[in-house]
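To start, the structure itself, in structure tokens.
Below, read A as the first sequence line, B as the second, and so on, with proteins coming before strands; counting in each chain starts at 1. These numbers come from the heavy atoms of this one structure, side chains and all, not from hydrogens, waters or symmetry mates.
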Amino acid sequence: MSTERGALALSEFPGPFDLQSTVESGQSYLWDRHDGLMYDESAVYGGDHWYETVVRVDHSGARATPAERWAEGEPVVVRVRQVDDRLEWESSIDPVPVLRERLRLDDDLPAIRAATPDDDLIERAFDAYWGMRLVDDPAVPCLVSFICSAQMRVGRIHGMQRELERAFGTTVEFDGRTYHAYPTAEQLAAATEAELRDLGLGYRAPYVLDTARMVADGEAHPEEAVGLDYEDARESLTRFVGVGDKVADCVALFSLDYLEAVPLDTWIRSTIEEYYPECDRGNYADTSRAIREAFGGEFAGYTQTYVFHYLR
DNA sequence: ACAGTGCCTAGTGT
DNA sequence: AACACTAGGCACT
């Protein structure tokens, strides 16, 4: 397959963009660094590293929903790096539409920031990583990777996803190397619990398996939450095994376009204790509403992601 | 509704 | 060296 190259002028999109903080902030576990130093603390921050992922896109346009595009499109490698105001890419297709979607390049970051409350911690967080975008990942890979995230560090979550790809994902040849797409629900459902445990998933193994079976059998699909009111969408996502409120919020925010979702993980909970004690209402749903308000409502998930990355 | 408890495991600290 | 503790929770009771 031939390698095409190109570049995207980031000045054509609203506000700044920073690739590294976007793909290495623990939102998405679907990207990898070409130099293999993903999440390497000693690596230089802000460097122009090449990042790679395998996407599935349907060129015919015949399939309407992202779920179908993901499930049925041919896997294709996309490699990208940022050099100042340019996003350079290498791929066997024109990846600009998919990059635009996945990296949320059309989000009006200055407008989003302007809509957040005037608050010292929030301002410092935005300043520290200004240009970081939310991601918009395919729903099933996002769901599975956040099921794996329970009580795990980002580096290990990332490593687990690479293991899942290597063990079960469709192979793709590109630029003289073999890549692996993220496994589909069907491919995961065909695995055994023992195989998943051998990859280091531990007690998450049956969760991933049961959830993959639910999707593969057509019993439920995470994208069925799209269009519901936010809290109903979160509730809907908890149908999947291994998915509680926190993981449901991650999927809502990082895949299903609910920018108001604020995943309450241990970091944000301790942040609430320290900076917003009045928002701690003792249970997930009420605390979620309170911190969502404190973080600016409509775009609270953006604020959360900046604050999380800043304090972590 | 809500609180308590067990669960896999690699890495870090003692 | 061996052991305790931790890490972006969840299911079950």
N/O donor-acceptor pair, side chain A/Arg204 with base B/dC8, under 3.5 angstrom: yes
Minimum heavy-atom distance A/Val172-A/Ala181, with the two atoms named: CG2-N, 4.5 Å
Touch class at under 4.0 angstrom, heavy-atom based, for A/Val154 against every strand present: base
Length of the OH-P vector between A/Tyr29 and C/dG8, whole Å: 8 Å
Quiz item: A/Tyr203 side-chain donor-acceptor pair to C/dG9 base, under 3.5 Å: yes
Separation of the P atoms in C/dC10 and B/dG11, to the nearest angstrom: 23 Å
Base paired to C/dG9 (Watson-Crick or G-U; both N/O distances under 3.5 angstrom): B/dC7
Closest to the A/Lys246 side chain, choosing from C/dG9, B/dC8, B/dC2: C/dG9
Salt-bridge present (A/Glu219, A/Arg239; N to O < 4.0 Å): no
Touch class at under 4.0 angstrom, heavy-atom based, for A/Tyr284 against every strand present: nothing
Whole-Å gap separating C1' (B/dT9) and CG (A/Asp198): 13 Å
For atom CD of A/Gln161 and atom P of C/dG8, their distance in whole Å: 15 Å
Candidates C/dG9, C/dG8, B/dT9 - which lies nearest the side chain of A/Arg156: B/dT9
Along DNA chain C (nearest heavy atom to each residue), the more 5'-positioned of A/Phe146 and A/Phe240: A/Phe146
Sugar-phosphate only, base, or nothing, as touched by A/Ser25 at under 4.0 Å among non-hydrogen atoms: base
Rounded distance (Å) that lies between atom P of C/dA11 and atom CE of A/Met214: 10 Å
Between C/dG8 (P) and A/Tyr306 (OH): distance, integer Å: 21 Å
Separation of C/dC10 C1' from A/Leu201 CG (nearest whole Å): 14 Å
Carboxylate-amine/guanidinium contact A/Arg102 A/Asp137, below 4.0 Å: yes
P gap between C/dG8 and B/dA3, integer Å: 24 Å
Interatomic distance where CD belongs to A/Gln151 and P belongs to C/dC5 [whole Å]: 15 Å
Sugar-phosphate only, base, or nothing, as touched by A/Gly242 at under 4.0 Å among non-hydrogen atoms: sugar-phosphate
Quiz item: cation-pi between A/Arg312 and A/Tyr310, 6.0 Å / 45°: no
Nucleotide nearest A/Arg153 when distance is taken to its side chain, options C/dA11, B/dC7, C/dT6: C/dT6
N/O (side chain, A/Thr266) to phosphate O (OP1/OP2, C/dG9) under 4.0 Å: yes
salt_bridge(A/Arg177, A/Glu173) N-O dist < 4.0 Å: no
Whole angstrom value for the distance that separates P of B/dA1 from CG of A/Asp286: 12 Å
N-O pairing of A/Asp286 and A/Arg289 below 4.0 Å: yes
